[in-house]
Structures are given as structure tokens and as C-alpha cells.
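Reading through the C-alpha cells given below for one structure.
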Amino acid sequence: MKQQNYNNHRKFYPPHHFVYLPLLIILEIFGMYKIWEDQGNKLVWILFSLVIFLLFYLALMTRQHYALGLQNRMVILEFKQRYFEIFNKRSDEVAEKLKFDQIAALRFTYDDEFKELLYRALHENISGDEIKRSIKNWRADRLRV
């Protein structure tokens with residue numbers, strides 16, 4: 001990815017998104033099929049399907065919970081640091097007025113647009129997606145997973 005923008009800013013982890021999760025989905029479909037196909041071992045296939053479903057659920061929830069929770073905290077801290085560098089004052093009151101999606105969207109702006117879009121977020125309550133769509137000069141964030 002040479003230049004990041006609204007259309008390509010999401011990131012995937014191929015082993016997780018394109019190997020592990022699809023494999024679990026295939027195994028779950030297979031297990032559900034065998035429940036109806038193999039009546040003699042129906043209980044075994046129900047348990048198999050239940051275990052596969054739990055593995056799928058845990059894979060999604062654990063990955064999301066830890067990684068995004070930590071990254072969300074870092075995005076908020078980055079916002080506070082950036083606000084201080086630009087305005088030379090604490091951002092606690094401002095940060096409390098914003099939703100996380102607004103704070104996260106502001107990280108894609110350079111300082112001149114940051115001021116303008118922050119003002120709009122505070123006074124017009126534009127969403128994070130509206131902030132992203134309003135960015136004229138996209139500032140890439142290649143580290144968020």
C-alpha cells in the first residue's frame with residue numbers, strides 16, 4: 001500500500017482472517033451436515049460442532065478484546081498528546097466530549113485539518129466516518145491492526 005486513504009485504511013491479518021477462521025467455518029458446516037447425515041453418531045457430531053463453534057467464538061472475541069482494547073487506549077493517548085502539542089493545553093474536557101470513533105478518525109488528519117475537523121466534531125457532532133470522509137490530505141496510520 002503506497003498511500004493510505006479512506007478506501008484502503010483497514011488491515012487484515014491473513015493467517016487469522018483467511019486461513020484459521022475460514023477453516024473453522026468449513027469444519028462447522030461439515031459438523032452440522034454430519035449431524036443430519038450420520039444419525040448413528042449424531043451426539044458426537046453435535047459435540048464436534050459445539051467445540052468448533054466455541055473455538056471460532058473464542059478466536060474472534062479474544063483477538064478483538066485484547067488487541068483493540070489496548071489500541072483504543074493508545075489512540076486516545078495519542079489524541080491527548082497531539083492536542084497538547086497543537087494547543088498547548090490539557091485535553092481532558094475535550095476528550096470527554098468526543099466519542100471514540102471521532103477521536104480515532106482524527107488520527108488520519110494532519111494538524112491543519114485536525115483543528116478544523118475537531119471543531120466540527122465538537123460543535124456539529126459529526127461522526128467518525130464523516131470526519132474520515134472530510135479529510136483532504138490523508139495521514140496514514142500503518143500500525144493499527
Side-chain angles (χ1 to χ4, degrees), residues 1-37 43-145:
M1 178 181 356
K2 291 183 179 178
Q3 184 174 359
Q4 191 181 69
N5 58 45
Y6 177 78
N7 295 321
N8 67 4
H9 76 284
R10 291 188 172 88
K11 186 175 180 183
F12 294 101
Y13 180 58
H16 182 80
H17 290 102
F18 304 119
V19 177
Y20 182 68
L21 294 179
L23 182 62
L24 287 178
I25 291 170
I26 290 167
L27 287 173
E28 183 66 22
I29 291 168
F30 176 74
M32 291 170 61
Y33 168 77
K34 292 299 269 182
I35 290 170
W36 305 109
E37 181 67 23
L43 182 58
V44 171
W45 290 112
I46 289 172
L47 292 174
F48 174 84
S49 295
L50 182 63
V51 168
I52 296 299
F53 174 78
L54 290 174
L55 286 173
F56 182 77
Y57 179 78
L58 287 173
L60 288 176
M61 293 296 94
T62 303
R63 180 188 177 278
Q64 294 299 100
H65 178 72
Y66 292 125
L68 293 180
L70 179 59
Q71 287 185 86
N72 290 351
R73 289 183 63 156
M74 294 173 73
V75 166
I76 292 168
L77 288 172
E78 176 189 312
F79 168 82
K80 289 181 173 187
Q81 177 65 34
R82 190 166 182 206
Y83 184 92
F84 183 79
E85 289 173 3
I86 292 171
F87 297 106
N88 200 26
K89 49 184 162 174
R90 293 179 57 92
S91 63
D92 295 333
E93 288 181 27
V94 173
E96 289 175 8
K97 293 178 184 175
L98 297 171
K99 297 178 191 129
F100 178 77
D101 71 318
Q102 293 170 309
I103 291 173
L106 287 167
R107 79 183 183 283
F108 295 112
T109 65
Y110 284 98
D111 291 349
D112 54 338
E113 285 185 286
F114 178 87
K115 294 174 187 177
E116 172 193 337
L117 292 172
L118 174 61
Y119 179 86
R120 289 187 59 206
L122 290 169
H123 295 92
E124 299 172 25
N125 198 29
I126 61 173
S127 71
D129 194 60
E130 289 175 89
I131 291 171
K132 289 179 188 178
R133 291 179 188 274
S134 300
I135 297 171
K136 296 174 188 87
N137 188 14
W138 193 271
R139 180 176 168 241
D141 178 4
R142 300 186 199 287
L143 299 177
R144 186 159 170 96
V145 179

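Predicted model only: the values in this text are computed from it and were never measured. These values consider heavy atoms only, across backbone and side chains, with no hydrogens, waters or symmetry-generated copies.
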side-chain contact (heavy atoms from CB on, under 4.5 Å) between Phe114 and Arg82, worked out: CA-CA 10 Å; Phe114 178 87; Arg82 190 166 182 206; 3.6 Å; yes

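Heavy atoms from other residues, nucleotides or ligands lying under 6.0 Å from CD of Glu85 number more than 12. The number of heavy-atom neighbours closer than 6.0 Å to CZ of Arg139, taken from other residues, nucleotides and ligands shown, is above 12. The local environment of CZ in Phe53 is sparse, with at most 12 non-hydrogen atoms from other residues, nucleotides or ligands closer than 6.0 Å. More than 12 heavy atoms of other residues, nucleotides or ligands sit less than 6.0 Å from atom CZ of Phe100. Summarising the local packing, CZ of Phe18 is surrounded by more than 12 heavy atoms from other residues, nucleotides or ligands at distances under 6.0 Å.
Gln102 is not listed as a side-chain neighbour of Leu122, based on a closest heavy-atom distance of 4.5 Å or more. Within the 4.5 Å cutoff, the side chain of Phe108 has heavy atoms near those of the His9 side chain.
Listed here is the closest heavy atom pair of Gln3 and Arg142: CA-NH2, 4.4 Å. Taking both residues in full, the closest heavy atoms of Asp101 and Asp129 are given as OD2-N, 4.4 Å, listed atom of the first, atom of the second, then distance. Shown here for Leu98 and Ala121, the closest heavy-atom pair between the two residues is CD2-CB, 3.8 Å. In terms of heavy atoms, Leu21 sits closest to Ala59 at CD2-CB, 4.2 Å. Minimum heavy-atom separation, Lys80 to Asp92: NZ-OD1, 3.5 Å. Closest approach of Ile103 and Ile76 over heavy atoms only: CG2-CA, 4.2 Å.
Atoms CG and CD1, from Leu43 and Ile35 in turn, are 9.5 Å apart once rounded to the nearest 0.5 Å. Once rounded to the nearest 0.5 Å, the distance linking CD of Glu37 with NZ of Lys34 reads 6.0 Å. Interatomic distance, OG1 of Thr109 versus NZ of Lys136, reported as 11.0 Å (0.5 Å rounding). In this structure, CD1 on Ile131 lies 4.5 Å from CG on Leu106, to the nearest 0.5 angstrom. The distance from the CD atom of Glu78 to the CG atom of Asp141 is 6.5 Å, given to the nearest 0.5 Å. Distance check: Tyr83 OH to Arg90 CZ gives 11.5 Å after rounding to the nearest 0.5 Å.
Of the possible donor and acceptor atoms, one in the side chain of Arg107 sits under 3.5 Å from a partner among the backbone N and O of Ala104. Under a 3.5 Å cut-off, the side chain of Ser91 and the backbone N or O of Val94 do not form any donor-acceptor pair. Under a 3.5 Å cut-off, the side chain of Arg120 and the backbone N or O of Ser134 do not form any donor-acceptor pair. Here the side chain of Ser49 pairs no donor or acceptor atom with the backbone of Ile46 at under 3.5 angstrom. With hydrogens and angles disregarded, a donor-acceptor distance shorter than 3.5 Å links the side chain of Asn8 to the backbone of Asn5.
Between Phe48 and Phe30, the ring planes lie perpendicular to each other; the angle is over 60°, past the 30° to 60° tilted range.
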